[in-house]
Amino acid sequence: QRTVAGNVNSDDGALPGAFVLVVGTTRGTTTDFDGNYLIDVLPTDTLQFSYIGYNNLEVPVLNQDRIDVNLTTGNDLEEVVVVGYGTMRKSDLTGSVASVKTEGIDEIPQVSVGQILTGRVAGVNISQSSGQVGSGVSIRIRGGNSLNGNNEPLYVVDGYPIINDDGAFGAADVLGQPNTVLGSSQDNPPGALNWLNPADIASIEVLKDASATAIYGSRGANGVIIITTKTGKKRKGQLTFSTSAGFSTLTNRNVDYLNASQYATLRNLRDEANGEEPLFNGRPDELGPNGRIIRHTLPENLGEGTDWIDAVLQTGITQNHSLGFTGGSDDVTYAGSVGYLDQEGAIINSGLQRINTRLNVTGKLKSWLTLTNNFTFSLEDSDNVVDSRNTGKNGPWARALMTIPVEPVFNENGELNVDYSGPLEFQLNNPVATAQGIKNKFRTNTFLDNISLKATVLEGLSVETRASVFSKRLLRDAYYNSQITSTGFSTGGLAAKNSTQVQSYLTETFASYNKKIGIHGVSAVVGYSYQTTTSERISLGAFGFPNDDLSNESFQSGTSIPSETFKVRDLLSSYFGRINYTLLDKYLFTFSGRADGSSKFGRNNRWAYFPSAAFAWKLDQEDFVQQLAVFDKLKLRASYGVTGNQSISSLQTIPLLTTVNYPIGGGVAVGARPGSIGNPDLRWETTNQFNLGIDAGFAAGRYTLSLDYYNKRTNDLLQQVPVPINSGFGLKFDNLGEISNEGFEVEFSAIVVNKALKWDMSGNFATNETRLISLGQGEANILRLRPPGITAAYDGSGVALVEGETPGVFYGYRRQGVWTSQEEIDANASLSTATVGSQRFRDLNGDGQITAADETIIGDPNPDFTLGWSNNFSYRGFDLAIQLQGVFGGDIFDIQRGISENPDLINNVLATTLDYFDPVANPGGQYAAPGQISGAYNFQDSWVEDGSFVRLRNVSLGYNFRDLKVIQGLRIYVNMVNMFTWTNYTGFDPEVNSFGQSNLYRSIDVATLPTFKTVTFGLNVNL
Amino acid sequence: ADLEEEVFSQASPTAYFNSRGDVRTALNGMYDPIQQCCGSYSQGRSFLLNTVIDEGTMLAGNWGNYEKLIYTATSNGEPNNIWASNYLSINAANFVLENEDKIRALDGPAGTFANSALGEAAFLRAVGHFDNVRMWGAVPLRTSVAKTTAELDIPRSTEAEVYAQVLADFTFAAANLPEAPTETGRPSSWSAKAYLAKVHLTLGDFPAAVSFAQDVIDNGPYELVTPFAAVFDVTNENNAEVIFDIQYARVNLEGSRMAQLSTGNNTAFTAFGRGGWGLQIAETQLFEKYLEVDDRRATTFSSLLPHPTNGFYYYGKWRDPQGVSIDGHENNFIVYRFADVLLIHAEALNEVNGPTPQAYAAINQVRTRAGLAGLEAGGSKEQFQDAVLYERHLELALEQHRWFDLKRTGQLKASLIAAGKPWDDRYLLFPIGQQELDISSQLVQNPGY
């Protein structure tokens, strides 16, 4: 027996704590801080070297005295994934974790994290709240658990947790109420994760089950998305330069509204039905009170008129440039980037510019002590279209859909054709003027710095302390021009500046321990975390300016609106831990959990505990499976655990006063009245999740398949319970009710062809059934809602919470064509307001009247299943990637039809309404006759459509130049996003979700700016 | 660590009333809900209460069909807004009243400051409940701020119980408010006494109504302002005729919207000297009821000629060409004025003793100011009743009184039918919003809805 010495090394430097094991025995050791080891062996022994994330290596001792090895990073089967507070080999996972490596993906320009993830992970659904560039995104992992709480996953960026709550970061009040000094989340604040440059991302892990997320405790219930940015490697410096230019247009332009001649024809019929003189009667045009010409041209002489949709659209040009660098030596590694994005919107006068910088440096201070500093800064300027999720008609897009085509863009003097003399609904809000006259700029500065000090204290034991500083400032600049916007006209120009600042400090200390003793493997982490977040908002407004020259930059030139400030501080204090135990490298056990104390909880319920347990069995290590010679990998996983959701707005547990104003005593005086009742018992939502999964690999990793079944139950839902308004309060947060989500997920990958031509594919399929088990509100098993911002003219609920159904089912009347004769109406005595040719509805309870009792479920927004399919081809220097995404079985509720099919013809309407009822000419017409307005605003099933679609999400074709002398690599490519969509939805875009992150109002279309397709040409250079 | 959430910018109701400033602020909070936007006198009430009768109508469109008496529990319209506004105001009043101990502790031994504050709160609470009981009948009676879940959802009280509280509150206000308001725009003890006359009249206690009206007329500070136009003149606000009003200022969002909504667009009566939207329209039959010599006509309507293109007459009592925005007109909304008290006096006197000379004197004071001849004595009690109701119609037109008058006198059905409008018994009360019913486990809908 003799002693062998050596060193275990890798591309990233020496590997301290690597295992060195004598094969077939329990004898072994681990390397020291510099990767050195000593071990007593026999010449006949074989040494096995292993380290997490690297391929095992076996070396026979023979007569060597010194064995130095260089471990290489893992192949796919030994892939390392990032989990909460650590990393694990994928094969050792017991929970449900999906990993998206950006290698390959990062060669095409991505503008957001959401875009990277769309369609790539089973059970992860992503929807954009608006086609506005840079607008927020809503991500659901395994369905929504909460009604009123946030349903967005927790993002952990290099260890720093961020909740993607567009309400909290937007111009909206942190209290969840719109800011009274002009501005709310409806003015389309930029997405909360925009500051992250996708080109900086190395990997994204999606933690789905409780075993994986319990370590994030009260923020884990909606799943966790761990984003790891690129780090340096010990190698020569490398520069990467990427540049691209893209062109964006609407995905679908095939929604027809009436042209001028058609509109005037119907408008005349409407006027006649109302007993008025037809407007388009051939008389000479006349001058209206405010200089607007009132046209009387006969319909047949009007022609096409103005196509307002074309008038507000443009081809948006996007430029994206990024410079990345990386490198390192034994002691210092670094990676960083500078990025610039300039994106024009598909609507005139909209767009964004963003600059990102990042630097990640890791240095070895001592052989046992490593310091890492990871710094990110982002500056984003966006010109956002006001894209209201309401029928308040504010934005240029909604205006474009409504404005009548007989009006020209410019009047005879060449000025924008506007008229604000009448009541709001009769004004002429020229969509082009709306786009030009409303300034709605957001400037966002985001700064994140993580400093981490990691000490290897003993063999296998390290202690890491992190401190993070996060600061986000959002400034909204708004101005409504006094001449060409309605709001500005009525106020003499209206200006606002809203500043929101969120500042957060996080400190975390945790110890990690790794040890393998014979057949037992243990890895554990335990730690403490403390985070404090201060949110502050300042709102200023002024109006009545002498002219528009200074826009909103000179409040002293106007009359000030009372300003508003708001400030609150939240605290979160936590203990967390996880232990993984491996027996015989076959049986894997994981226990993890977190204790959270949060200031957002009521004082009677301040601490919460979230445990989880998981078991996995590596069947591929069993003889009976190996004998089958089918699987080269087979693992069964089961987990159960409890996670929470604490993302309620601040200040819900204590009663507060609302500040108001009343002009008395010679000026505007301050007033106060009870605003919120508070709930000292308020606590987190609790989600219990069970997960069962199988991972299988075949043919040496050529084919892989993962199946997961999960069942989640969430109770103590944070409900914003409406209380009887006669109490003097409107809403109260309470823990009531229960929701279940149950689903099945499949992910597969295959290397189909692996010759000169390579073809690999991956795909996913997922179902999720979500049910409101209980409202928790006594006997009431239904709660009627009404989408916010919908004008009072709409009759009915629109949306409801019904026990046993998907939360937020569409709720309204059943349409039964139109009333075709007076006899028909007379047979239903109480419907005295109906007229022949007006909409008819089913009298479900047969009482002869159409009342609230006749409303019923008319649609379900929840898709039956979703699909994603990615293909990558390469041949010589060419590469081609094709990604398809499909969503099947969910309904869309097009609420805008109350206006866009309205027979009152105050606004322009859809061309489909030309099929209106006429007793002689078109007795089978399905639409109300012009002027027959009864019921036109009833929420109804004829506005509900199947929203299934398949979308060619991404096609990318590139060519890599090889064997270039000066540069290491050069790639040119063309990339197409959202090129084709197959759907039966008759609106603009089936991927519509006007209410963004809301879980109550999903898949509703309220004239929201649709998505666009983009063709991008680009170039990447490696030096 | 101490995990208490820190709020820097908002006050806690439990740590309030530490200064007289707090008290004044809390009192101001009572007015805001009935001043602002939707359920206010200057919008929602005007939309509803002027159009469900024979005085006003609305430009067709998205603003409800109240003139056709079309409204349901689910149409999310003005009845709900008014209900909500009144209860928000009542809750704010209760917040003051239930902190009596703290407020008294801020006062000297005479107690005048606390008495006045508590009287003002009781006054506002009574104004809210009085409207609610008349519009919805037996409504929930709120006399304290809800602190527990159970207190958030309470059943209806009987009409008698609500009226008893209204009387008690106005009586308390009359006893505790000072004779002259502490600040222009706040109620005085005379405001409360005038309300007591109106409540008693509504309840049919005519001797009591006579006695309160008499007291206000004989001893109160009010008088008829001449000419009629001066009552509503925006440069003559808070005049001697005003008993209670809602204050507005030329500040965006703190001003009135009334001018914008109701004057015609061929006028120059709104912000920047522009015309109004003409959203609210006076019924032509209302215009035609005025004699040409009636001085009130030129004020009640924005023009003596119909609109040149559409032929409508528009409201004219609320005009402010110096307004600064849609919601920035100065016009205070006069909720209660002295002419109303004179007519109450006349009506109650007639009910007690028939048309006495004193009764004729009261109504003729109002007629004379309008430039009309006084009524000749000698009519029957019924004729006098009709005359007073008609005078109220013309004198207080579009000021949101007539629906209450018609209901109180049992004339609602007859006058709607006479005006060519539909009738159903359910019109005697408004519907409670369906959402409110769904939320509450205690409330039941009014009959017919």
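Quick note: numbers below take in every heavy atom, side chains included, and nothing from hydrogens, waters or symmetry partners. Just so it is clear: chains get the letters A, B, ... in the order the sequence lines come, proteins before strands, and each one is counted from 1.
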Quiz prompt | Shortest non-hydrogen contact from A:G492 toward B:F272 | solution = N-CZ, 3.6 Å
Quiz item: Under 6.0 Å from the six-membered ring centre of A:F489 and within 45° of its axis: does the NZ or CZ of B:R274 meet both?
Solution: yes
Exercise. Verify side-chain contact (heavy atoms from CB on, under 4.5 Å) between B:Y87 and A:I725, making sure each step is shown before the conclusion.
Key: CA-CA 7 Å; B:Y87 275 114; A:I725 193 90; 5.7 Å; no
Quiz item: Going from CG on B:L88 to CZ on A:F729, what distance comes out if it is rounded to the nearest 0.5 angstrom?
Solution: 9.5 Å
Quiz item: Step by step, would you call B:T149 with A:V723 a side-chain contact (heavy atoms from CB on, under 4.5 Å)?
Solution: CA-CA 9 Å; B:T149 304; A:V723 301; over 6 Å; no
Self-check item: For A:R673, the option from B:T25, B:D32, B:V145 that meets side-chain contact (heavy atoms from CB on, under 4.5 Å)
Solution: B:D32
Quiz prompt | Where B:S440 and A:P724 come nearest, the two heavy atoms and their spacing | solution = CB-CG, 4.1 Å
Practice problem: Give the C-alpha distance, both sets of side-chain angles, the deciding distance and a yes or no for side-chain contact (heavy atoms from CB on, under 4.5 Å) between A:Y662 and B:Q36. | Solution: CA-CA 9 Å; A:Y662 186 61; B:Q36 286 281 338; over 6 Å; no
Quiz item: What residue, out of A:G730, A:G544, A:G597, has the most heavy-atom pairs lying under 4.5 Å from chain B?
Solution: A:G597
Quiz item: Rounded to the nearest 0.5 Å, how far does OG of A:S727 lie from CG of B:N94?
Solution: 11.0 Å
Exercise. Please state whether the side chain, the backbone, both or neither of A:S598 comes within less than 4.5 Å of a heavy atom of chain B.
Key: backbone
Quiz prompt | Contacting moiety of B:L437, where chain A heavy atoms sit under 4.5 Å | solution = neither
Practice problem: Check for a donor-acceptor pair, side chain of B:D438 on one end and backbone N or O of A:L783 on the other, with a separation under 3.5 Å. | Solution: no
Quiz item: So what's closer than 4.5 Å to chain B heavy atoms on A:T659: side chain, backbone, both or neither?
Solution: neither
Self-check item: Straight-line distance of A:N726 CG to B:I439 CD1, nearest 0.5 Å
Solution: 9.5 Å
Quiz prompt | Value rounded to 0.5 Å, distance of CG in B:N238 from CD1 in A:I664 | solution = 8.5 Å
Practice problem: With rounding to the nearest 0.5 Å, note down the distance linking CD1 in A:I677 to CG in B:L152. | Solution: 4.0 Å
Quiz prompt | B:A249 to A:P663 - nearest heavy-atom pair and separation | solution = CB-CB, 3.6 Å
Practice problem: Select, from B:D424, B:V324, B:I154, the one with the greatest count of heavy-atom pairs under 4.5 Å involving chain A. | Solution: B:V324
Quiz item: Which residue out of B:T148, B:V251, B:I432, B:N91 racks up the most heavy-atom pairs below 4.5 Å with chain A?
Solution: B:N91
Exercise. Would you please test B:N28 and A:V670 for side-chain contact (heavy atoms from CB on, under 4.5 Å) and show each step?
Key: CA-CA 7 Å; B:N28 293 343; A:V670 179; 5.7 Å; no
Quiz item: Which atom pair, heavy atoms only, marks the closest approach of A:L657 to B:P13?
Solution: CD2-CB, 3.7 Å
Quiz prompt | Interchain contact, B:T184 with chain A, by part (heavy-atom threshold 4.5 Å) | solution = backbone
Self-check item: Heavy-atom contact with chain A under 4.5 Å, split by part of B:D245
Solution: backbone
Quiz prompt | Max heavy-atom pair count under 4.5 Å with chain B, selected residue of A:R569, A:R784, A:R603 | solution = A:R569
Quiz item: Got a second to check how far B:Y449's OH is from A:T851's OG1, nearest 0.5 Å?
Solution: 13.5 Å
Quiz item: With only heavy atoms counted, which part of B:Q434 is less than 4.5 Å from chain A, the side chain, the backbone, both or neither?
Solution: side chain
Practice problem: Count the heavy-atom pairs under 4.5 Å between each of A:R606, A:E855, A:K732, A:E276 and chain B, then report the option with the highest count. | Solution: A:R606
Quiz item: If every non-hydrogen atom of A:N661 is compared with every non-hydrogen atom of B:E254, which pair is closest and at what distance?
Solution: CB-OE2, 3.2 Å
Quiz prompt | Best-contacting candidate, A:G796, A:S797, A:S490, against chain B by heavy atom pairs under 4.5 angstrom | solution = A:S490
Quiz item: So which of B:Q35, B:E151, B:M30 has the largest heavy-atom pair count under 4.5 angstrom toward chain A?
Solution: B:Q35
Quiz prompt | Most chain B-contacting option - heavy-atom pairs closer than 4.5 Å, from A:G678, A:P674, A:A852 | solution = A:P674
